[in-house]
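The shown structure was predicted, so the numbers you read here are calculated from the model rather than taken from an experiment. Throughout, a chain's letter reflects where its sequence line sits, starting with A, and its residues are numbered from 1.
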Number of protein chains: 2
Amino acid sequence: MKFEVVTIKDIAQALGISTSTVSRALRDSYEISPQTKQMVLECAERLNYRPNPIALSLKERRSRSIGIVVCEIANNFFSQVINGVESIAYDRGYNVIISQSRESCEREFIDLQYLASRSVDGLLISLSTETTDISQLKTLHAKGLPIVFFDRISEEIDTHKVVLDNFKGSYDATEHLIRNGHHRIAVLTNSAYLSITSGRIAGFKEAMHAHGLPLDENYIQHCAYGGMVFEEVEEAINRLLSLPDKPDAIFATSDKLTTGTLKTLKRRGIHIPTDISIVGFSNSEIAELIGPPLTVVRQPAFEMGQVATELLLRVIESKRPVTQFETKVLQPELFIRESVLQRSSS
Amino acid sequence: MKFEVVTIKDIAQALGISTSTVSRALRDSYEISPQTKQMVLECAERLNYRPNPIALSLKERRSRSIGIVVCEIANNFFSQVINGVESIAYDRGYNVIISQSRESCEREFIDLQYLASRSVDGLLISLSTETTDISQLKTLHAKGLPIVFFDRISEEIDTHKVVLDNFKGSYDATEHLIRNGHHRIAVLTNSAYLSITSGRIAGFKEAMHAHGLPLDENYIQHCAYGGMVFEEVEEAINRLLSLPDKPDAIFATSDKLTTGTLKTLKRRGIHIPTDISIVGFSNSEIAELIGPPLTVVRQPAFEMGQVATELLLRVIESKRPVTQFETKVLQPELFIRESVLQRSSS
DNA sequence: TAAGGTTCCGGGATCGTTGTCGGGAACGAT
DNA sequence: ATCGTTCCCGACAACGATCCCGGAACCTTA
């Protein structure tokens with residue numbers, strides 16, 4: 001099942017010249033005569049020669065490819081980020097290798113090992129929910145692998161980061177609920193270890209505080225797998241709904257959690273927004289098609305991918321080691337639709 | 001920005017032995033004494049040695065990776081296929097390199113070139129809408145690159161194929177509409193060049209025919225970019241709705257077309273199913289959350305990815321050239337929900 | 001004691017490409 | 001006639017790993 005390829009050697013042999021000459025002719029070196037160049041170029045064309053990037057990677061120790069690790073591609077937010085990444089990388093001649101951690105730190109470990117050994121020139125990563133130990137990333141970074149964090153970052157590594165203004169997204173969503181007369185607002189969120197979680201919780205709490213509303217920790221539910229497993233969302237919702245003082249609104253702080261919440265409520269026959277109001281983070285283009293159209297916090301995912309890639313390529317292509325790093329904060333947008341009831345405010 | 005790595009040479013030097021010995025010790029060769037093996041293994045562990053797969057790829061002309069080309073990953077069907085692919089490939093020690101053609105044959109061409117030069121051991125592909133010329137794939141296949149088609153296939157290459165029973169999916173959906181009293185059924189479908197289109201159109205026509213209903217070609221609308229650009233769907237729907245004899249149902253034959261249709265109707269304030277009934281192909285997990293819950297044809301996407309990968313790996317790992325190819329046909333499932341009105345049948 | 005067998009290990013080629021070095025030919029200048 | 005340039009081009013090493021050879025050291029047996 002081998003797969004014969006034309007090499008520089010074949011051209012050299014066909015033309016009776018050395019491989020060095022062929023190599024230089026193809027790279028349009030000044031020390032090759034125009035005639036020879038012409039000859040080589042024609043021969044290369046005729047034999048349909050394609051340079052072998054593997055040999056090049058081995059020699060140059062770079063692959064003109066970047067790796068991206070996300071928890072899941074079947075997620076609107078991340079697939080949009082990836083599109084943003086590709087839109088930039090593609091133009092700059094880089095290929096993108098996509099890896100899914102499936103929210104498992106073990107998978108993430110293996111993915112990283114693969115990407116590193118594959119000589120990616122740089123890495124984009126949004127950490128998995130499970131990840132608490134980032135020593136592997138630290139090692140890679142220390143060895144000189146350019147890394148840019150996006151979305152779910154780690155403060156333990158000093159490098160470029162691109163994040164959402166999680167606080168604001170959360171604050172706005174919560175305030176929208178409060179302004180519509182909701183006081184008992186529950187939050188469904190990710191693992192507390194995740195960087196995005198603290199900001200989103202803080203925004204929520206601050207909004208409650210600003211409006212003089214009490215906080216009840218029972219109203220804050222964490223989903224360890226970020227909604228990857230539906231059951232954990234279902235259980236969290238059930239816990240919320242069996243609380244003595246039932247919430248009048250649920251705020252889901254991620255794409256997966258939002259759809260999980262909707263699915264659970266649907267199955268339990270709970271009507272939105274008359275029975276309960278919903279606001280959720282969502283980058284799904286069909287959020288507006290849901291019954292009722294969903295009020296959402298939308299992240300600039302495509303842009304996040306672009307910005308992160310720009311930063312990464314800047315590090316990769318920098319001549320001297322980069323030591324000044326920045327953290328870019330992108331703004332979320334609140335799309336107000338019909339999943340929040342206008343309650344007679346007290 | 002180089003990135004120092006430990007090689008077999010470093011181990012050899014540290015231990016004062018040859019690289020051959022190190023190599024064999026690591027591969028647990030019989031001709032290395034237990035003591036030496038122990039020594040090498042310990043040293044490798046200590047230096048955190050990782051074999052360089054690029055060097056291996058160069059030497060062995062295989063990369064233990066397979067390529068997959070889809071039009072778009074931000075599409076439920078394809079992201080589920082990819083998950084199926086990974087679930088198998090991962091267990092068998094293969095890595096998956098994902099490429100998006102974005103329905104452009106030019107991008108597809110470049111993707112293929114990249115994957116081929118990257119020495120993928122095999123290829124999974126669902127053709128882009130634009131693709132009419134598959135000479136590049138033919139060449140690669142002729143050179144010995146194992147290829148398995150899935151979803152959107154080409155009959156011009158003799159190799160394994162995994163497809164949906166498009167005819168049945170379409171027939172069932174159409175029949176469901178007919179049984180509910182719809183007679184003027186419009187179809188929104190892909191480019192006529194696509195393999196999936198003919199089967200889906202045929203299923204529709206046969207169902208109409210079987211129930212003695214007339215066919216009006218004006219009711220069949222093709223979207224050249226398969227719904228990738230929203231406007232083409234919008235225009236197609238508008239054309240349908242401005243027909244003198246307006247359809248009483250629309251059948252959308254792909255994921256993107258379905259969401260495009262819903263979005264258009266929503267914007268025009270047309271109510272489903274009272275104004276018009278809808279059935280669509282969809283693998284979205286939130287089809288049931290839409291207002292109203294959508295009646296859909298669902299494809300076994302995950303399974304399709306698994307089956308295609310199994311077939312591909314079988315070819316890759318086969319000792320002698322494979323000449324017997326099969327085409328696996330997977331069955332769709334019709335999920336009946338509330339987007340089809342029960343009309344008083346005439 | 002010499003011939004033949006094991007056991008264990010090193011040298012070198014190889015994969016495709018590039019870069020360093022050097023060298024031959026042609027030409028003009030001395 | 002000799003030297004110095006310039007213009008082209010080839011030989012060789014290198015990147016990291018594997019594998020075919022070959023060979024030293026030791027043991028067995030005639």
Side-chain angles (χ1 to χ4, degrees), chain A residues 1-41 43-44 47-64 113-114 116-119 121 143-144, chain B residues 1-41 43-44 47-64 113-114 116-119 121 143-144:
Chain A
M1 281 292 67
K2 280 294 122 65
F3 174 82
E4 58 175 63
V5 251
V6 180
T7 76
I8 216 172
K9 220 178 271 178
D10 299 319
I11 301 180
Q13 201 155 31
L15 261 40
I17 57 179
S18 83
T19 58
S20 319
T21 307
V22 176
S23 170
R24 272 173 300 208
L26 291 172
R27 319 196 78 237
D28 202 25
S29 161
Y30 67 94
E31 41 183 355
I32 299 293
S33 70
Q35 300 93 296
T36 311
K37 274 181 193 169
Q38 172 96 18
M39 197 172 72
V40 170
L41 253 41
C43 186
L47 297 178
N48 193 30
Y49 166 78
R50 302 272 165 245
N52 183 333
I54 297 196
L56 265 178
S57 291
L58 179 61
K59 190 152 176 49
E60 319 228 307
R61 282 143 136 180
R62 66 183 316 223
S63 55
R64 290 198 83 77
Q113 205 164 284
Y114 171 74
S117 70
R118 205 86 204 133
S119 290
D121 299 340
K143 276 191 187 170
Chain B
M1 281 293 64
K2 280 294 121 66
F3 173 82
E4 56 175 66
V5 254
V6 180
T7 75
I8 216 173
K9 221 176 271 179
D10 298 319
I11 300 179
Q13 201 155 29
L15 262 40
I17 57 178
S18 82
T19 58
S20 320
T21 308
V22 177
S23 171
R24 272 172 300 209
L26 291 172
R27 320 195 77 240
D28 202 25
S29 159
Y30 67 97
E31 40 183 356
I32 300 294
S33 71
Q35 301 93 296
T36 311
K37 274 182 193 168
Q38 172 94 19
M39 198 170 71
V40 170
L41 252 42
C43 185
L47 297 178
N48 193 30
Y49 166 78
R50 301 273 165 245
N52 182 334
I54 297 198
L56 265 178
S57 291
L58 180 60
K59 186 153 174 48
E60 317 227 305
R61 279 140 136 182
R62 66 183 313 221
S63 56
R64 292 199 81 79
Q113 207 163 285
Y114 171 73
S117 70
R118 207 82 206 137
S119 291
D121 298 341
K143 275 191 186 169

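As a whole-Å value, the separation of B/Ile8 CD1 from C/dG10 P is 12 Å. A/Ile54 has its CD1 atom 14 Å from the P atom of C/dT18, to the nearest Å. Between the C1' atom of C/dG16 and the CG atom of A/Leu26 lies a distance of 13 Å, rounded to the nearest Å. Whole-Å rounding puts the A/Leu58 CG to C/dC15 C1' distance at 9 Å.
Two residues are said to be in side-chain contact when any heavy atoms from C-beta on lie closer than 4.5 Å; B/Thr21 and B/Thr36 meet this criterion. Residues B/Leu58 and A/Asn52 have side chains in contact (heavy-atom distance under 4.5 Å, counting atoms from C-beta outward).
Qualifying side-chain contact (heavy atoms from CB on, under 4.5 Å) partners for B/Ser117, counting only residues two or more places apart in sequence or in other chains: A/Pro53.
Few gaps surround CD on B/Gln113; more than 12 heavy atoms of other groups in view lie less than 6.0 Å from it.
Among the heavy atoms of the strands lying under 4.0 Å from A/Ile17 are primed sugar atoms or P, OP1, OP2 only; no base atom is included. Residue A/Leu56 is classed as a sugar-phosphate contact, given heavy-atom separations below 4.0 Å to backbone atoms only. Nucleic acid contact for B/Ile32: sugar-phosphate only, since backbone atoms but no base atoms lie under 4.0 Å from a heavy atom of the residue.
Taken from OH in A/Tyr30 to NZ in A/Lys37, the straight-line distance is 11.0 Å, to the nearest 0.5 Å. For the atom pair CD (B/Gln13) and OG1 (B/Thr7), the distance works out to 8.5 Å, reported to the nearest 0.5 Å.
The minimum heavy-atom distance linking A/Ser57 with B/Arg118 is given by the pair OG-NH2, 3.7 Å. Between B/Asp121 and B/Ser63, the shortest heavy-atom contact is OD1-N, 2.8 Å. The two residues A/Ile8 and A/Leu26 come nearest to each other via the heavy atoms CG1-CD1, 4.3 Å.
In the region residues 33-40 of chain B, proximity to DNA chain D at under 4.0 angstrom, judged on heavy atoms, holds for none of the residues.
Distances shown here put every side-chain N or O of B/Tyr30 at or beyond 4.0 Å from the OP1 or OP2 atom of C/dT6.
B/Met39 pairs with exactly one of B/Val22, B/Ile32, B/Ile11, B/Leu15 by the side-chain contact (heavy atoms from CB on, under 4.5 Å) rule, that one being B/Leu15.
Each salt bridge (Lys or Arg N to Asp or Glu O under 4.0 Å) pair with one or both residues in residues 5-24 of chain B, not counting sequence neighbours, appears once here: B/Arg24-B/Glu31.
Taking every nucleotide of DNA chain D with any atom under 4.0 Å from a non-hydrogen atom of chain A, the first and last of them, 5' to 3', are D/dC8 to D/dG16.
Helix bend of the helix from C/dT1-D/dA30 to C/dT30-D/dA1: the angle between its two end axes, each built from five pairs, comes to 80° after rounding to 10°.
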Strictly under 3.5 Å: I want the nitrogen or oxygen pairs between protein and nucleotides 19-27 of chain C, one per line.
{"residue": "C/dG19", "atom": "O6", "partner": "A/Ser20", "partner atom": "OG", "Å": "3.3"}

